[in-house]
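Accompanying notes for the structure given below.
All chains are named by letter (A, B, ...) in the order of the sequence lines, taking the proteins before the strands, and each is independently numbered beginning at 1. The model shown is predicted, which means the values in this text are computed figures rather than measured ones.
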Protein chains: 2
Amino acid sequence: MKSIDKHNKIILSATKVFAKKGFFNARISDIAKEAKVADGTIYLYFNNKFDILISVLEEEIGKIIEQIKRAIENEPDAKTMLEIFVTKHLSAMKNNKHLAEVIHMELRQSDRLVKEYRNNTFRSYINLISEIIQRGQEQKIFRQDIAPGIAKRAFFGALDEVTRVWTDANVTHYTLEETTEQILALFRSGLLASPAAGKN
Amino acid sequence: MKSIDKHNKIILSATKVFAKKGFFNARISDIAKEAKVADGTIYLYFNNKFDILISVLEEEIGKIIEQIKRAIENEPDAKTMLEIFVTKHLSAMKNNKHLAEVIHMELRQSDRLVKEYRNNTFRSYINLISEIIQRGQEQKIFRQDIAPGIAKRAFFGALDEVTRVWTDANVTHYTLEETTEQILALFRSGLLASPAAGKN
DNA sequence: GGTAAATGAATGAATGTCCATTCATTCTCG
DNA sequence: CGAGAATGAATGGACATTCATTCATTTACC
């Protein structure tokens, strides 16, 4: 029987290989070797190479998105929601560096199919951020003059780029906790020293 | 004589084709056709396909980096420096969408040669941001508890992601001015409404 | 000035390689 | 034993790169 195990093994191997070489430089035979199956076996589980990439994105990112959504949806306070979002996002990426790298690379493809993917599953993820911001504005704890539609991108972009260094081999200069703290500090209160107001 | 004109024409055509199809899907014949030269002519000006990509990155991004560096270096006030940086970066990307798209895609490649490029020219660009932040901290106008090494990435990531929508075909929801304002507002003072302090 | 030789930029068809995908065959296990 | 799973060698198409040839322009010489 075609096992779900083998399906997952191929997904994981593909994630690893895509992360290392990028989609176009990854050979099916690389993925097959990594998963310890024959080249042809791949095609018993996936239609083609591109289908593997989309499956990686859908299944692996999908899990993370669902997890964060659930953690957030019952939280009343927008400030806490934001904190949960940052914490979960950063730790998910830290715990799955191969996936993080695939996201960095492949989500920026100009390929039509990838763009379509981005317009669905992924869009709803980023929109989580603007929903949180709007909530905070309704609760009067976030500034009214910030446009959630711009801020959501700035926020996601910041998280994503901060994460990118973690995949850059070498040293990790900052810990997960430190990074989380810093991002939150920055987006809560900004860079300016405020002589009048107390600290956050 | 091999003309510098033709070199530039190929660079511009390649930028356009890379932006549309991505490096790996772009064919040399596409670039040649766009530049209205024969396939073989490309090889009189560049060593190989990859060399074209690196030249695009070096020459085109290089210009922008130099321009911003010069605009900033004689400015005494860190807050103004940051403003100049955002303004110049965003307008440069807005004015050269093909290039912006190539940056988004290709700078995230895992290819060794691209990484090497990123580690030189590009690194110094991002470090401009942390230098500005440090300056601001010395001048006591930026908070001391922000780590410039993290903030620089958050900042660049935000700018980069905000820019990405501009290349996503369709509608541009926000103007250049509006986006610039919002990013500055966000990074200066953050999301939190401050009951105590006056507005920025 | 005018003719002939030399130059080298430009061309694009031909080549060779690479690799996704297929499929005839073998294996596995109920 | 048989059906489905797995294999991996073979196929075919795509495309980067090469290179023999063309031809416009420049140089050399009378």
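Partners of B:Q67 according to the side-chain hydrogen bond (donor to acceptor under 3.5 Å, both in side chains) rule, which considers only residues two or more places apart in sequence or in another chain, do not exist here. For the salt bridge (charged side-chain N to carboxylate O under 4.0 Å, His left out) test, no residue two or more places apart in sequence or in another chain qualifies with A:E181. Judged as a side-chain hydrogen bond (donor to acceptor under 3.5 Å, both in side chains), and not counting sequence neighbours, the contacts of B:K16 are B:E34. With sequence neighbours left out, B:D160 forms a salt bridge (charged side-chain N to carboxylate O under 4.0 Å, His left out) with B:R108. Take B:A71 and apply the side-chain contact (heavy atoms from CB on, under 4.5 Å) test, not counting sequence neighbours, and it matches B:I84, B:K88. Not a single salt bridge (charged side-chain N to carboxylate O under 4.0 Å, His left out) links B:K49 to another residue, sequence neighbours left out. Contacts of B:S130 classified as side-chain contact (heavy atoms from CB on, under 4.5 Å), with partners at least two apart in sequence or in another chain: B:N127, B:P148, B:K152.
A straight line from CD1 of B:I42 to C1' of C:dT11 spans 12 Å, rounded to a whole angstrom. Counting to the nearest Å, the P atom of C:dA10 and the CD1 atom of B:I10 are 8 Å from each other. The NZ-P distance, from B:K6 to C:dA9, rounds to 11 Å in whole Å. Counting to the nearest Å, the P atom of D:dC15 and the CZ atom of A:F24 are 11 Å from each other. For B:N48 and D:dA16, the CG to C1' distance is 9 Å, given to the nearest whole Å. Distance A:F50 CZ to C:dT21 P: 11 Å, rounded to the nearest Å. Following rounding to the nearest Å, B:I52 (CD1) and D:dT17 (C1') show an atom-to-atom distance of 11 Å. For the pair B:D51 CG and D:dT17 P, the computed distance is 10 Å after rounding to whole Å.
Of the residues in residues 25-36 of chain A, those lying under 4.0 Å from DNA chain C by heavy-atom distance are A:A26, A:R27, A:I28.
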Residues 17-33 of chain A side chain polar contacts: donor-acceptor under 3.5 Å, at least two apart:
residue	atom	partner	partner atom	Å
A:K21	NZ	A:D30	OD2	3.1
A:D30	OD2	A:R27	N	3.0

Would you mind writing out the side-chain donor-acceptor pairs for residues 52-64 of chain B within the sub-3.5 Å range, not counting sequence neighbours?
residue	atom	partner	partner atom	Å
B:S55	OG	B:D51	O	2.7
B:E58	OE2	B:T121	OG1	3.1
B:E59	OE1	B:H7	NE2	3.4
B:E59	OE2	B:H7	NE2	3.1
B:E60	OE2	B:K63	NZ	3.1

Checklist outcome for this item: A correct dot-bracket answer for DNA chain D, with pairs being Watson-Crick or G-U at under 3.5 Å, [ ] for crossing pairs and | for inter-strand pairs, is ||||||||||||||||||||||||||||||
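When all heavy atoms of A:L192 and B:R143 are compared, the closest pair comes out as O-CG, 3.4 Å.
Proximity of B:Y45 to the phosphate of C:dA9: no side-chain N or O atom is located under 4.0 Å from OP1 or OP2.
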Checklist entry - For every nucleotide of nucleotides 22-30 of chain C, 5' to 3': is a protein heavy atom under 4.0 Å from its base (B), only from its sugar-phosphate (S), or from neither (-)? => result B--------
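The side chain of A:K49 approaches C:dT21 more closely than any other nucleotide in the set D:dT7, C:dT11, C:dT21.
Using a cutoff of 4.0 Å between basic side-chain nitrogens and carboxylate oxygens, A:E83 and A:R188 are scored as salt-bridged.
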